[in-house]
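Below, read A as the first sequence line, B as the second, and so on, with proteins coming before strands; counting in each chain starts at 1. In this text the structure is predicted, and so the values were computed from the model without any measurement.
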Amino acid sequence: MNKVISMQHAIREFVHDGDTVAIEGFTHLICFAAAHEIIRQRKQDLTLCRLTPDMIYDQMIAAGVCKKLVFSYAGNPGVGSLQAFRRAVEKGEPRSIELDEFSHFGLVARYLAGAARLPFYPLKSYSGSDLPKVNSQIREMQSPFGDEKIFVVPPLNPDVAILHAQRADENGNTQIWGLTGVQKEAAFASQRVIVVVEELVSESVIRADPNRTMIPGLIVNAVVVEPFGAHPSYVQGMYDRDNAFYVEWDTISREAATLNAWLDEWVYGLNSRAEYVEKMRARLEKLKPGDAYAEPINYGAYT
Amino acid sequence: MNKVISMQHAIREFVHDGDTVAIEGFTHLICFAAAHEIIRQRKQDLTLCRLTPDMIYDQMIAAGVCKKLVFSYAGNPGVGSLQAFRRAVEKGEPRSIELDEFSHFGLVARYLAGAARLPFYPLKSYSGSDLPKVNSQIREMQSPFGDEKIFVVPPLNPDVAILHAQRADENGNTQIWGLTGVQKEAAFASQRVIVVVEELVSESVIRADPNRTMIPGLIVNAVVVEPFGAHPSYVQGMYDRDNAFYVEWDTISREAATLNAWLDEWVYGLNSRAEYVEKMRARLEKLKPGDAYAEPINYGAYT
Amino acid sequence: MNYSQNELMIAAAARELQGARVAFVGVGLPNIVCNLAQRSHSPNLELVYEAGVFGARPARLPLSIGDPTIVTGAVSAMGMADLFQLYLQRGLIDVGFLGAAQIDKFGNINTTVIGDYQKPKVRLPGSGGAAEIAVLCEKILVITRLNKRAFVPRVDFITSPGHLEGGGARKKLNVRGRGPEAVITDLCILRFAEDTREMIVTSLHPNVTREKVQENIGWEVRFAEALKITPEPTERELELIRDELDPHGLYSR
Amino acid sequence: MNYSQNELMIAAAARELQGARVAFVGVGLPNIVCNLAQRSHSPNLELVYEAGVFGARPARLPLSIGDPTIVTGAVSAMGMADLFQLYLQRGLIDVGFLGAAQIDKFGNINTTVIGDYQKPKVRLPGSGGAAEIAVLCEKILVITRLNKRAFVPRVDFITSPGHLEGGGARKKLNVRGRGPEAVITDLCILRFAEDTREMIVTSLHPNVTREKVQENIGWEVRFAEALKITPEPTERELELIRDELDPHGLYSR
C-alpha cells in the first residue's frame, strides 16, 4: 500500500486541534519540517510530548499552538535556556501552558508502557527527588515479590507521533541508525504515526536488512519524503547538526518580536519545506559529513 | 583487554557446580559446543534456564548435570517430544529434575526484569490459564493507576550466561543479526557472561556499526572462538539448521542406551569442538547458505 | 483429484485466514497452513513468528518456527521482548493459529501434561507462547486431528484458555482476545455456539459421516442445523502443498 | 604557563576520573571534562551518553550530548530505553558527572526552578537524566562555578538528591549510588565530611584565598584541616583543551 503523501496533507489529515502529539528524536532526527507545517496550519490546543522540547517546541510554543507540555528537559542543549518556553511558563506569553514534568528515564518508561499497552512501568529513579511531590503521576509502590519499593509511571499514548528517519519504503517500513532515542516506543505507543524520511527506498532495500527496521508499515498512516526535514538538528550519515543555528536561536528568541519576525520569514512566509531548503541551500551544503560505512553483513539465502 | 580463551578454560573458570546457567538462543545460535564441554567436565546440580530446552538441554539432562529446569517449551521443535526430558520428569531417570515452568512471554519478562534489575515485570498473559496455579512466581497485582489487574513475574538472574553470536572482538563486544531472541537480556541479567563466536574480528569492525552491537565487552568475562559451535542449530548467514539431525535425535533419544552411546561417541569420546567439527566435516559443509547481503549504510565521519 | 485427509485439513484451515491481516504462526501444522494462505489467496497476509519476525516471506517451508528462511527477506527481525510486547501485547495480531494435544468442548487447550501436573502420565512440551497468544490475539484458530484422546470433555490442564466453562465465562477475563473461533480437523470443522460457547460441528469433510465424527470425540457433540460439506482442496492448493511446502509429506500425507 | 580559572577547573575535574571505568557524561562542562580525561590520563575510560551511546570515541568535542560524532566509531549505539535500563539501572556506571544551577551544603542539586514550582521566578530546564543519574551511578561528581546564587544553604527544589539533610539521611533512600563525592569549581574543590555529609573545602586553587571562597558561598563554609593547593593544569592538558576540545573557548575562557 502506497502511503506517501505531502507534509501538508499528512498534517491536515492526521493532526487535529486538541490532539496529543509527539514529535520525538533525541537531538537526532527532530522533524522541524512537521513542526513548521503544524504552525502554518495554525493548529490549536495541542498537548506536545518530547523528552527535550528543544528549539522545535520553543518555536511551536511561541506560535501559540501548545496548550500543555509533557517533557523532561527544556533547555537549548549545549547553549542554555529555551526563551519562548520560559516566557510561557514565567509570564504566560503568548499563552500560559500546563507542564507535565518527568525525568528522561521516567518519560522513556511512559513511552515503554504506552508502546506495550501496559498500565504502568516500574523504574528505579525519583528517590529523594522533589519531582514526585509536584507530579502525582509519579508514584511509589511495593514490589509483589519481597519488600522492595519502586517508583512507577503511567503509560503515554499520544494521538499521533511524527518520527523522522533515514529511510522507509512506500508502505512505511522504516529504518533508523545512529541514536534511535524513543522513536520505536513513541511509534508503537501512538494511535497514528507519520513517518518523515530523507529517502524513499524500495521494499527490497528494507527486506535486505530486517534487523535495521524499527517501525513497521503496519502501524504507519503516512509517509512523507522531506530531505533536510530535520534541519537544524541532524540525520546520522546524511547531515550534521547546525550548531551555529542553535546558538543563533538564543539571540533570535530572547525577545518575542525577533522570534516572531523569524517565524514570519522562515515559517509563515514559506509554503513548504522545499522552499525552506531552497532558501537555506548554501548553509545546508556545508553540513554534509565524510563517509564512514558499516561493514556489510550476510543474512544468507535459505531456499 | 584480551578475553579470548579456550572453551575448556572458560567452562572450568566460569561455570561451577550448583550454578544457575542460561545457554540461550531461540532456535538460532544454540551453543552446543558449550553444553558438550559442560558435560565433559561433569558439572553437577546445575539449574538450567532456557525458553526452549531443545535438544541441547535434553543432552545435558541425559548426562545428569541438571538439577532444575527453568523453561517455557520443552519440545523438539518441528519434530515432537524431548525424550530425555520426559524420562527425567515421568520416571526420574537418570535423576529427577525440578521444573520451574513459564510461558515464553513470562520467561522473556523474567529476563527483562533481571537485565534491568527490576524486582518484577508486568505482562498481559496467564488470564484463564492454569499455569499460575502450579507456579507461585506468577502473581496477579492491581495497577497503581486505575483498577486494571495484571500479572507479574520475578527477575531471573543466572550466575552465568553462555551466548553464541556471529562475531565479537577480543574484548567481548558482540554483534548478532537474525533472530536475537533473548541474547541481550540474558547477558545483562547474568553475573558472568561467556560469549562464543563464529568469528573473532578487530575492534574496528565492531565500531564501524555500533547499532549492531548487542552485548558490550563491559559485561563479558570470556570470549571463545568456536566455528560451527552452534551445530545442529544454526547461525544466520553462516550455516543452516541441520534439521535432519533434529529428526534423528528423536530416534537416538528414545532409549537411554542409544542416547548414552551417542554421548560416548560425540561428547565424552572427543576432547574439543574442533574434533567434533572434524568428525562432522562432510555434513557441515552442506549447510552453507547462499549469499544475501544487507545494503551497506553510512554513519558519516564527523570530525 | 486425489488428496489426503491431511491435505484437505490444511487447505480448509488456510481458507479460514481469508481477510486476516496479521497472523501469529505456531509450530507444526499452523506453520504450513499460514504459508499456504500467503502463497494462495492471501498474498498480503503478514506472518508473525514468536521467534522474532514480522512480515516473513519464507523462501521454503520453515523447518521450525525459528528457521533462518523466515529472517532473510523479512520486513523486521527483532528480539523476543519486542515481538511479545510491541506486536502481540500491543494488539496488532488478528489471528493466532494454535495446535493442541488436548482440547475440550469449550476450546480450552492443554499442551502441558496428561494426568496430574506434579506426577504426569505424559509430560507434554508446555505453553511456549500459547498462553499469551490465547488471550492477546483478536481471535484463535485451532488445527488438530480429530480423535478421542485429543477431544476430551475437560482438559487435564488449561495451558491456553478457550471459552473456559462456556457462556460468558471468558468475557469476565477482560482480555483483548475473543478466544477460539474454529477448530479445523482432518474430519470436520467445528465452531462455537453463540450462547453456550460449546463446540459444534459446522462442516463435514467430503465422505465423512456424523457417526465417524462422533466416534472420535469424547463427548456427545452437536451438529449445526445448516451442516455444510467442506469444499475440496483446489489443484493449486494441492500443488503448493506438494511441490513447495511439504515435498516430503511430513505434514500432509 | 598561563591558564584561565575555567581551564584549571576542567583539568582538576578530569583528574577526579582517574581510575574510573565507566562515566555517564552530562551536558555542558561535564562533556569537556570527560573527553579531556579520555584523551589524557584515562584512555580506557568508557563514555556513556544518555542519548544512547556506550564506548564513545568522539573525533571532535561533541557539540551536544547527542552529537553524531559520539555515534560514529562507538562500541554501541542503542535506544534510550536500553541505555537507562541496561546500563544505568543495571548498575554498570561508576561515575555520573553533573552540572548544577543551584547546589546546597549537602550536595542536593536543583536544575528545575528558582522560586516556587508552580510560580517560578526562573524556570530552569529540569531534570533530564539527572534525577536517575543521582541515585543509580556509584558516585557523583559535580562541576559548577562558585558563586552565591548557585551555592545556597538549601535548594529551592531537589531535582537530584545529594546527601539530603546530611548524616545518614541518604542511606535511608536505599539506592545504589553513594551520592556526590566532590564538587569542582573555578576557585576550589569541595568534598563531603564523613559524618555530617556537609560540604567542606579540601583544596584551594592557586592564588585563591579562603576569604574569596567564603564570599562566593551562601553559608559559612568549613575548610579541611589538611587544606591542599590544587595542582596546576599540565601543558598537555592545556594543549588538549585549547587545540582539540574547545578551540573557540566556549567552555574554557
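Closest non-hydrogen pair, Ala131(D) versus Ser125(A), comes out as C-OG, 3.8 Å. Taking every heavy atom of both residues into account, Tyr234(A) and Asp67(D) meet most closely at OH-C, 3.7 Å. Summarising the geometry of Leu164(D) relative to Gly128(A), their closest heavy-atom pair is CD2-O, 3.8 Å, with the distance given to 0.1 Å. Residue Gly129(D) comes nearest to His104(A) through the heavy atom pair N-CD2, 3.4 Å, listed as atom of the first residue, atom of the second, then distance.
Side-chain contact of Tyr73(A) with Glu50(D): a donor-acceptor pair under 3.5 Å is absent, judged by distance alone. No donor-acceptor contact under 3.5 angstrom links the side chains of Glu101(A) and Ser127(D), judged on distance only.
Around atom CG of Asp116(D), more than 12 heavy atoms belonging to other residues, nucleotides or ligands sit under 6.0 Å away. Atom CZ of Arg95(A) sits in a crowded spot, with more than 12 heavy atoms from other residues, nucleotides or ligands closer than 6.0 Å. Counted within 6.0 Å of CZ on Arg154(D), heavy atoms from surrounding residues, nucleotides or ligands total 12 or fewer; the atom is thus considered open. Shown here is Glu255(A), whose CD atom has no more than 12 heavy atoms of other residues, nucleotides or ligands within 6.0 Å.
With hydrogens and angles disregarded, no donor-acceptor distance shorter than 3.5 Å links the side chain of Tyr117(D) to the backbone of Lys133(A).
At a threshold of 4.5 Å between non-hydrogen side-chain atoms, the residues Lys124(A) and Val135(D) do not count as touching. Within the 4.5 Å cutoff, the side chain of Phe84(D) has no heavy atoms near those of the Leu123(A) side chain. Looking at heavy atoms from C-beta onward, Glu90(A) lies in side-chain contact with Val122(D) at the 4.5 angstrom threshold. Residues Thr159(D) and Asp130(A) are not in side-chain contact: their nearest non-hydrogen atoms beyond the backbone lie 4.5 Å or more apart. Using a 4.5 Å heavy-atom threshold, the side chains of Asn174(D) and Glu148(A) count as separate.
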Evaluate the side chain to side chain contact (heavy atoms under 4.5 Å, CB included) criterion for residues Leu179(A) and Val71(D): first the C-alpha distance (whole Å), next the side-chain angles of each, then the deciding distance (0.1 Å), finally the verdict. CA-CA 7 Å; Leu179(A) 300 174; Val71(D) 171; 3.7 Å; yes
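Heavy-atom distances place no part of Leu82(A) under 4.5 Å from chain D, backbone and side chain included. For a residue to count as touching a neighbouring chain, one of its non-hydrogen atoms must lie under 4.5 Å from one of that chain's; by this rule Phe105(A) touches chain D with backbone and side chain alike. Only the side chain of Phe85(A) comes within contact range of chain D, with heavy atoms under 4.5 Å apart. Only the backbone of Lys121(D) comes within contact range of chain A, with at least one heavy atom under 4.5 Å from a heavy atom of that chain. Of the two parts of Phe71(A), only the side chain, counted from C-beta on, holds a non-hydrogen atom closer than 4.5 Å to a non-hydrogen atom of chain D. Neither the backbone nor the side chain of Tyr49(D) has a heavy atom closer than 4.5 Å to any heavy atom of chain A. Neither the backbone nor the side chain of Val113(D) comes within contact range of chain A; no heavy atom of the residue lies under 4.5 Å from a heavy atom of that chain. Contacts of Phe151(A) with chain D are absent, with no heavy-atom separation under 4.5 Å from either backbone or side chain. Heavy atoms closer than 4.5 Å to chain D are found in both the backbone and the side chain of Leu131(A).
The most heavy-atom pairs under 4.5 Å with chain A, out of Gly162(D), Gly66(D), Gly73(D), Pro68(D), come from Pro68(D). Counting heavy-atom pairs under 4.5 Å between each of Leu51(A), Val108(A), Leu107(A) and chain D puts Val108(A) at the top. Of the listed residues (Gly181(A), Gly75(A), Ala292(A)), the greatest number of heavy-atom pairs within a distance under 4.5 Å of chain D belongs to Gly181(A). When Gly28(D), Ala81(D), Ala169(D) are compared by the number of non-hydrogen pairs under 4.5 Å with chain A, Ala81(D) comes out ahead.
Atom CZ of residue Phe26(A) and atom CG of residue Leu83(D) lie 9.0 Å apart, to the nearest 0.5 angstrom. Taking CE of Met80(D) as the start and CD of Gln183(A) as the end, the distance is 11.0 Å to the nearest 0.5 Å. To the nearest 0.5 Å, atoms OG (Ser72(A)) and CD (Glu132(D)) are separated by 8.0 Å.
When each of Thr27(A), Thr52(A), Asp54(A) is checked for a side chain to side chain contact (heavy atoms under 4.5 Å, CB included) with Ser64(D), only Thr27(A) meets the rule.
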